[in-house]
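The residues of the chain are indexed from 1 along the displayed sequence.
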Amino acid sequence: MVERYRLEEGIVVGRKALLQGDLLLRFLTPKGSLEAVARKGVRPSGRSGRLSLFHHVRFQLYTKGEGLPTLTQAELLGRLHGLEEPRRFLLASFLAELSYRLASPEAAPRIYPVFISGLRGIAKHPRPLLPLVWAGWRVVKAGGLSPHLLGPGLYLKAGCLVHGSGPYGEEGIYLGERGVEALRAILHLPGSEALSYLEEAPLERLFLALKHHAEEALGPLKATPALTAEL
């Protein structure tokens, strides 16, 4: 039976109370996504009371056998002010869920820095949907789900540009010329250059396209219903 301690560092992206009083925590780290349990009555030492969503923490896990590791120590390294605002929190939650679902050990080293940049932008940008759209599509690319943007179509369907008859119908999500131009910039240009294309882009349509594109591969994302209602 394997028993071992290990140190990790990452962002808290999920918290769930379990029936027996334990706490299930989800982390996104540079090595991948992981879950751990904080046991009732055996809360981790250190500054564990600050294990809140989107906090940057260093933590120790204890693994025994094949079950989930137990959180034994935790230390707060940093947090972003601004994400507590309701709409920004919803945007950050969507990005966190998308990143967590895609962060395999192979993709995580590419996804993690984009996720961090996206959170910072959502926390501070006057138009938080803009950094979400940028970071969300970059996470999708880093996770190996980049759409194919060849051809003259202005609708995105099943990862390809197609001609369609309605903006939100069965023929795909309508992006328009500015939307297609912005999406190509996001996926192919450095971050600072791509952001300028988003200033005049249809951000709501780009987000809806991101949502549909991701859910076609991953299934429903829990954070999307409340966020979609906000748009």
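Shortest non-hydrogen contact noted between H213 and L156 is CB-CD2, 4.5 Å. Here the shortest heavy-atom pairing between H163 and P152 reads NE2-CG, 3.8 Å. Of all non-hydrogen atoms in S99 and F115, the two that sit nearest each other are OG-CD1, 3.4 Å. Considering all non-hydrogen atoms of both residues, A108 and T29 come closest at CB-O, 3.9 Å. Heavy-atom minimum distance, E216 versus G159: OE1-N, 4.1 Å. Of all non-hydrogen atoms in G153 and V180, the two that sit nearest each other are O-CG2, 4.0 Å.
For F54, the ring-ring contact (aromatic ring centres under 6.0 Å, His included) partners at least two apart in sequence or on another chain are F89.
Looking only at side-chain heavy atoms (C-beta outward), F94 and L210 come within less than 4.5 Å of each other. The side-chain heavy atoms of I173 and Y155, taken from C-beta on, include no pair separated by under 4.5 Å. In this structure, the side chains of R184 and L161 come closer than 4.5 Å at one or more pairs of heavy atoms.
A donor-acceptor pair under 3.5 Å is absent between the side-chain atoms of E181 and the main chain of Y197, judged by distance alone. Not one N or O on the side chain of R39 forms a donor-acceptor pair closer than 3.5 Å with the backbone of T70. The main-chain N or O of H125 is found under 3.5 Å from a side-chain atom of R88 such that the two form a donor-acceptor pair. With R127 contributing its side chain and E199 its backbone, the two residues share a donor-acceptor pair below 3.5 Å. No donor-acceptor pair under 3.5 Å is formed between the side chain of K16 and the backbone N or O of L24. Not a single donor-acceptor pair under 3.5 Å links the side chain of R205 to the backbone N or O of G179. When atom types are taken as modelled, the side chain of R58 and the backbone of L7 share no donor-acceptor pair closer than 3.5 angstrom.
How far CG of L132 is from OG of S93: 10.5 Å, rounded to the nearest 0.5 Å. Taking OG of S33 as the reference point, atom CZ of R101 lies at 10.0 Å (rounded to 0.5 Å). The structure places CH2 of W134 at 10.0 Å from CG of L198, a figure rounded to the nearest 0.5 Å. Atom CG of L90 sits about 11.5 Å away from atom CG of L129, to the nearest 0.5 Å. Rounding to the nearest 0.5 angstrom, the gap separating the CG atom in L83 from the CG atom in L119 is 6.0 Å. Considering CG of L91 and CD of E85, their distance stands at 8.5 Å, rounded to 0.5 Å.
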Query raised in the report: Could you walk me through whether L61 and L71 pass the side chain to side chain contact (heavy atoms under 4.5 Å, CB included) check?
Result: CA-CA 5 Å; L61 301 176; L71 192 68; 3.7 Å; yes
Query raised in the report: Where do L187 and V140 land on the side chain to side chain contact (heavy atoms under 4.5 Å, CB included) test, with the steps shown first?
Result: CA-CA 9 Å; L187 296 176; V140 163; over 6 Å; no
Requested in this report: Go through F207 and L203 one step at a time and tell me if the side chain to side chain contact (heavy atoms under 4.5 Å, CB included) criterion holds.
Outcome: CA-CA 6 Å; F207 168 74; L203 295 178; over 6 Å; no
Query raised in the report: Step by step, would you call L154 with E177 a side chain to side chain contact (heavy atoms under 4.5 Å, CB included)?
Result: CA-CA 6 Å; L154 300 180; E177 292 183 3; 4.1 Å; yes
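Summarising the local packing, CD of Q20 is surrounded by more than 12 heavy atoms from other residues, nucleotides or ligands at distances under 6.0 Å.
For the side chain to side chain contact (heavy atoms under 4.5 Å, CB included) with I11, the lone residue among R26, H56, R79, H55 that qualifies is H56.
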